[in-house]
Amino acid sequence: MNRNYLQTLVYAIPKAELHVHIEGTLEPGLIFRLAGCNNVKMKYTSIEELHSAYRFSNLQEFLDIYYQGAGVLLQEEDFYDLTMAYLKKCREENIVHTEIFFDPQTHTHRGVSLKTVVNGIQLALNQAQQKWQITSRLIPNFLRHLSEEDAIACFQQLLEFREYFAGFGLDSSEVGHPPAKFERLFKRIRKEGFRTVAHAGEEGPAQNVWDSIHLLGVSRIDHGVRSVDDPELLNELARLQIPLTVCPLSNLKLKVVNGLKDHPLKKLLDHKVLATVNSDDPAYFGGYLSQNLIEIAEALDLTKEEIIQLAKNSFTASFLDEADKQKWITELNKF
Ligand code: ADE
Ligand code: ZN
């Protein structure tokens with residue numbers, strides 16, 4: 001496909017994003033502005049110097065910088081500005097629905113209250129719905145490098161804001177912190193009636209995808225690219241239509257794949273797995289959702305039909321109700 005045509009197509013089609021960490025949309029310019037306003041001391045002296053540190057050999061190297069970046073977020077307005085900047089990108093790119101992760105413990109452990117975080121994010125989400133008809137869901141993620149007890153205590157506090165949340169997830173360092181560590185937490189979350197998702201099979205093995213399904217009862221897997229190592233798992237994901245929220249530029253920047261040409265997305269689609277494309281932490285990985293779609297489509301030589309299929313998958317796999325899913329799939333059939 002010609003590059004101009006590909007770009008026009010990708011920007012034109014309605015899309016849903018299902019895997020984006022709001023803290024991962026924090027651009028260097030906003031980090032410096034907020035550090036100045038909030039008197040937060042930075043390790044880096046300029047935007048260029050900070051940006052040049054965005055070279056990672058693995059997930060942990062990225063997470064260390066990402067948690068530092070999030071340290072400038074203190075006031076409700078900071079969370080509002082952060083979220084609104086991302087929603088403006090959604091508007092530019094025709095992302096009509098977005099399911100946003102945030103890491104509550106990253107903020108409460110610095111003394112920032114849940115109320116500050118949730119109110120700031122939620123105000124921006126409400127305005128984007130009113131002004132631009134962008135629909136959204138909010139999904140708190142627990143940090144797997146912290147204890148299960150800490151996550152359970154945090155979940156208990158989050159229940160005060162329960163009407164804002166569509167589900168709960170699990171992120172941060174996968175290796176050394178398997179799904180089994182959070183079985184009690186997830187049982188508790190599901191008992192309260194929420195859906196669950198979990199990062200799995202990003203740096204960790206395909207077994208973590210099995211365990212997220214069987215031990216945690218998740219309805220969606222974040223990343224899940226290592227599933228291609230296990231043919232039986234691929235069959236199961238396709239049979240149950242358990243979605244994978246795949247993030248190509250993230251996988252490239254965190255060395256999960258050697259190059260985009262080696263990325264398993266095409267193999268997942270060929271196996272009829274319900275794969276979607278997402279941006280993960282776009283401020284750190286060099287591209288928002290459309291850029292992810294364009295670069296992976298070029299690398300894997302995806303067809304127009306496959307790109308439309310990915311967009312349809314993004315709605316099918318979302319937490320929208322059935323009528324809204326159908327509305328967007330009907331729109332996509334017009335392309
Ligand atoms: N938190 C933010 N981005 C993440 C990723 N790609 N994997 C695990 N935890 C994360
Ligand atoms: Zn992620």
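Just follow the structure's listing: the first ligand is 1, and inside any ligand the first atom is 1.
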* Which is it for Glu202 and ligand 1 at heavy atoms under 4.0 Å: side chain, backbone, both or neither? -> side chain
* Asked: Looking only at heavy atoms, is any part of Leu59 under 4.0 Å from ligand 1, and if so is it the side chain, the backbone, or both, or is it neither?
  -> side chain
* To do: Select one of side chain, backbone, both or neither to describe which atoms of His223 lie under 4.0 Å from any atom of ligand 1, heavy atoms only.
  => side chain
* **Closest protein heavy atom (residue, atom, distance) for atom 3 (N) of ligand 1** => Asp281 OD2, 2.7 Å
* **Shortest protein contact, atom 6 (N) of ligand 1 (heavy atom only)** => Asp280 OD2, 2.7 Å
* To do: Just jot down the ligand 1 atoms closer than 4.0 angstrom to any heavy atom of Asp171, in number order.
  => 1 (N), 9 (N)
* Taking the six-membered ring for Trp, are Tyr67 and His145 ring centroids under 6.0 Å apart? -> yes
* Asked: Which one holds for Leu63 and ligand 1: side chain close, backbone close, both close, or neither close, with close meaning a heavy atom under 4.0 Å?
  -> side chain
* Asked: What's the shortest distance from atom 9 (N) of ligand 1 to any protein heavy atom, and which residue and atom give it?
  -> Ser172 N, 2.8 Å
* Asked: How about Ser52 and Tyr44: does a side-chain donor come under 3.5 Å of a side-chain acceptor?
  -> no
* Residues Glu160 and Lys115 bridged, charged N to O under 4.0 Å -> no
* Asked: Do Asp281 and Lys253 meet the salt-bridge criterion of a basic N to acidic O distance under 4.0 Å?
  -> no
* **the Zn ion (ligand 2): protein N, O or S atoms [distance under 2.8 Å]** => His19 NE2, His21 NE2, His199 NE2, Asp280 OD1
* Asked: Centre of Phe155's six-membered ring, under 6.0 Å away, within 45 degrees of the axis: is that where NZ or CZ of Arg188 sits?
  -> no
* **Nearest-neighbour protein heavy atom for atom 1 (N) of ligand 1, which is reported as residue plus atom name and distance** => His21 CE1, 3.5 Å
